[in-house]
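Proteins come first, then strands; the chains are lettered A, B, ... in the order of their sequence lines, and each starts at number 1.
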Amino acid sequence: MANNTPKAIRGTQDIFGPDAEAFSHVVETFERVRKLYRFRRAEMPVFEKTEVFARAIGETTDVVSKEMYSFEDRGGESLTLRPEFTAGIARAYLTNGWQQHAPLKLATHGPLFRYERPQKGRYRQFHQIDAEIIGAGEPQADVELLAMADQLLRELGISGVTLQLNTLGDGETRGAWRAALIEYFSKVRGDLSEDSQERLEKNPLRILDSKDRRDKAFLADAPRIDEFLSDEAGIFFEDVKSGLKAAGVEFKRAESLVRGLDYYRHTAFEFIPDEGSAAADALGAQSTVLGGGRYDGLMESLGGPATPAVGWAAGIERLAMLVGEREADRPDIVVVVENDAMLGEATKALSKLRAEGFSADMIATGSERKRFTKAQKMDARSIVSFVSSESVKIQGERQSEIESVLA
RNA sequence: GCGAUCGUAGUUCAGUUGGUUAGAACGCCGGCUUGUGAUGCCGGAGGUCGCGGGUUCGAGUCCCGUCGAUCGCCCCA
């Protein structure tokens with residue numbers, strides 16, 4: 001390679017071969033399952049006005065404060081490459097009057113951008129599949145969404161991953177709990193890790209899932225969400241749990257599971273690999289495969305009417321890592337031109353076969369004598385070889401069927 | 001943003017305490033063998049050793065910087 005060839009941007013990837021097959025398998029499976037649950041496809045722009053994300057996600061979050069790809073367009077407007085789906089979907093819902101379809105079940109997938117330090121399973125351009133139910137405030141919506149996620153993982157053959165479930169309560173609950181946490185941790189501030197001292201200002205809930213030993217000492221006696229749950233929020237959570245049981249979705253209560261983004265209320269969840277499982281091994285430090293929750297406050301932050309909603313997103317690259325490498329499908333037929341004089345005949349045969357729905361490839365270059373061997377290595381179900389006008393040989397499966405197509 | 005390890009053909013890797021024209025396997029191209037064939041043999045193309053500087057008579061090898069990858073922290077899907 002010439003050394004003046006430009007390199008790919010840091011944190012981006014060119015996906016090909018077995019990895020690309022795994023990637024596309026994830027997307028295809030998602031498309032199939034999403035239809036089973038009657039979610040409708042939507043496509044949103046890859047960039048939005050910066051304020052869409054700043055207002056929806058929260059100015060103080062890491063995503064907004066230091067991870068966005070923002071730039072001015074030629075008209076001087078500040079735009080941002082989407083770092084997540086939810087904010088853009090909410091904006092589309094409001095600006096297009098999609099209220100008329102509420103409750104609206106939406107599914108989408110595509111690239112997202114975050115300026116982060118690249119790592120295994122973490123990229124600057126990454127891809128997610130995403131599902132949302134907008135305009136549905138009842139726990140049944142949470143249950144349906146989680147049942148869909150659960151089925152998706154099962155159909156992908158992913159095991160060793162458990163649904164961790166928590167509630168953050170309604171706005172009031174979350175506020176009271178947050179205040180209690182700040183009060184509690186402020187008393188021992190000096191003994192907390194540096195990271196957690198900072199979290200105390202920005203996002204006290206996050207101290208609860210700190211991995212630092214110094215913080216862990218205080219976690220057992222920290223105020224618990226359940227003490228602050230309003231009656232309504234408590235009933236809501238109970239309904240979600242009993243709905244999941246009825247739907248046959250297994251889960252574990254995770255009291256310290258919180259969400260980084262400001263807009264979450266009530267249900268919060270993540271599918272996380274079990275400790276020591278093959279899945280945990282495959283993902284390294286990136287533990288969450290699929291995560292989401294309820295975001296009843298989001299629409300209002302964008303100036304819309306109060307609109308309840310739930311959603312989740314999952315990293316396609318991470319799911320693909322759990323699926324493992326996949327091979328492309330075997331071709332039905334390989335056509336071998338063992339004699340260049342037969343190229344025309346072979347080309348005609350190839351297009352007839354493809355028109356009949358056979359997947360087919362042709363070998364017609366390189367040494368004539370080596371072409372048959374090359375064809376054999378392609379592991380096709382059948383081989384059609386053109387040696388001469390008197391000698392066209394069909395080997396393998398479905399011989400008579402192929403013969404009648406070529407006749 | 002912080003810390004650690006790493007960077008040699010298309011790919012996976014060797015390359016001795018610094019010492020002639022940098023090697024292997026697989027893959028690719030060509031020839032022979034095989035002719036119902038997937039084997040085997042021979043030959044060929046392909047690298048300014050990530051990039052830039054420095055030390056030295058001499059650097060793939062040592063030093064500094066830079067870019068990138070990987071593994072943690074952080075964050076998140």
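Taking atom P on both nucleotides, U17(B) is separated from U61(B) by 15 Å, rounded to a whole Å. The separation of A4(B) from U21(B), taken at their P atoms, amounts to 37 Å, rounded to a whole angstrom. Straight-line distance between the P atoms of U16(B) and G1(B): roughly 36 Å, to the nearest whole Å. Nucleotides G60(B) and G19(B) are separated by 13 Å at their C1' atoms, to the nearest Å.
Close to C67(B), at under 4.0 Å from its OP1 or OP2, lies no side-chain N or O of R10(A). The side chain of K377(A) contributes no N or O atom lying less than 4.0 Å from OP1 or OP2 of C28(B).
With 3.5 Å as the limit, one finds no donor-acceptor pair spanning the side chains of Y93(A) and E132(A).
Between G37(B), C75(B), C73(B), one nucleotide has an atom nearer to the side chain of E67(A) than all others, and that is C75(B). Considering only side-chain atoms of Q376(A), the nucleotide from G72(B), C76(B), A38(B) that sits closest is A38(B). Here G3(B) is the nucleotide among U39(B), G3(B), C75(B) with the atom lying nearest to any side-chain atom of R117(A). For K370(A), the listed nucleotide lying nearest its side chain is G31(B); candidates were G31(B), C75(B), C76(B). Taking only side-chain atoms of S367(A), from C-beta outward, the nucleotide of G68(B), G31(B), C76(B) with the closest atom is G31(B).
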Watson-Crick or G-U pairs under 3.5 Å in RNA chain B, rendered as dot-bracket with [ ] for crossing pairs and | for another strand: (((((((..((((.....[...)))).(((((.......))))).....(((((..]....))))))))))))....
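Between the base of C74(B) and the side chain of R122(A) there is a donor-acceptor pair shorter than 3.5 Å. Side-chain N/O atoms of E116(A) and base N/O atoms of G1(B) include no donor-acceptor pair closer than 3.5 Å. The base of C75(B) does not come close enough to the side chain of R199(A) for any donor and acceptor atom to sit less than 3.5 Å apart.
For the segment residues 26-35 of chain A, no residue has any heavy atom less than 4.0 angstrom from an atom of RNA chain B.
Taking the nucleotide of RNA chain B with the nearest heavy atom to each of K211(A) and P118(A), the more 5' of the two is matched to P118(A).
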